[in-house]
Amino acid sequence: MTTRIPLIAGNWKMYKNVSESVQTADRLKELAGGVTGVEVMIAPTFPALFPVSKALQGSLISVGAQNMHWEKEGAYTGEISAAMLVAAGCRYVIIGHSERREYFGESDETVNEKIAAAVQTQLIPIMCIGESEKQREAGETFSVLDKQLKMGLKGLFADALQNLVIAYEPIWAIGTGKTATSEQAQEVHLFLRSKLTEMQGESLAKGIRILYGGSVKPQNIAELMAMPDIDGALVGGASLDAETFSKIVHYQSK
Ligand code: PEP
């Protein structure tokens, strides 16, 4: 039987300067630094990556970036490469977040390039996919997700994708306080796992962690995590406060 270690990941977006980030990381280390049976990751802003990874040394909490470029280096003002993220202490990178797709022109093609570059550098990609409210209402949820999944992983196969993480984030649930019900999320996660099985084979698909993201809080995490295909959460707003995020991380002890 494949066991998927749950991953609870915090996306700090464009919040917290370096000292605020280190302060929150220090507190999280006290509250959740030794937690076992669940992996924990936080994704601060670029300038805070290295200091936060230093602050978290000696704990089990990993650091991730919120974005990257697919080239190794070059004249790409404002960008950062996978190797630079690894050197700054990152283990994970969030790719294709809906805010990047909406405000910064991220497409399934750039997501694909970034995932290929991340896995080549041993950085674990968390590939975000999700439908808008309009697409859900039009009954397009599954076709939208199918396309995002296929295009995002185009040309990439089992060996490269051993550690891949998918985050299903319905756009209508991000930062809105609206959460997909655990049944709605499970239905989509099961669909994604069956598509991954078709694309990559059963043994890889069984091991891929599929996170849910969208207004996850201490109050709804246990119910979501009780679903068989929900393997963790990508948490925005509720990850900014160490106490609140720690309650999410400790969902099993509630
Ligand atoms: C996110 O940004 O990935 C997210 C899920 O945000 P929130 O938890 O605030 O809805």
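In each ligand, atom 1 is the first atom listed, and ligand 1 is the first ligand listed.
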Any donor-acceptor N or O pair under 3.5 Å, side chains Thr24, Lys16: yes
Test item: side-chain donor near acceptor, Gln135 and Ser132, under 3.5 Å: yes
Any side-chain donor paired with an acceptor under 3.5 Å for Ser182 and Glu223? yes
Write down, by chain and number, every protein residue that brings a non-hydrogen atom to less than 4.0 Å from an atom of ligand 1. Asn11, Lys13, His97, Glu169, Ala173, Ile174, Gly175, Gly213, Gly214, Ser215, Leu234, Val235, Gly236, Gly237
Charged N to carboxylate O below 4.0 Å: is that the case for Arg4 and Glu39? no
Could you tell me whether the side chains of Glu102 and Ser98 share a donor-acceptor contact shorter than 3.5 Å? no
Do Gln66 and Tyr92 have a side chain donor and acceptor closer than 3.5 Å? no
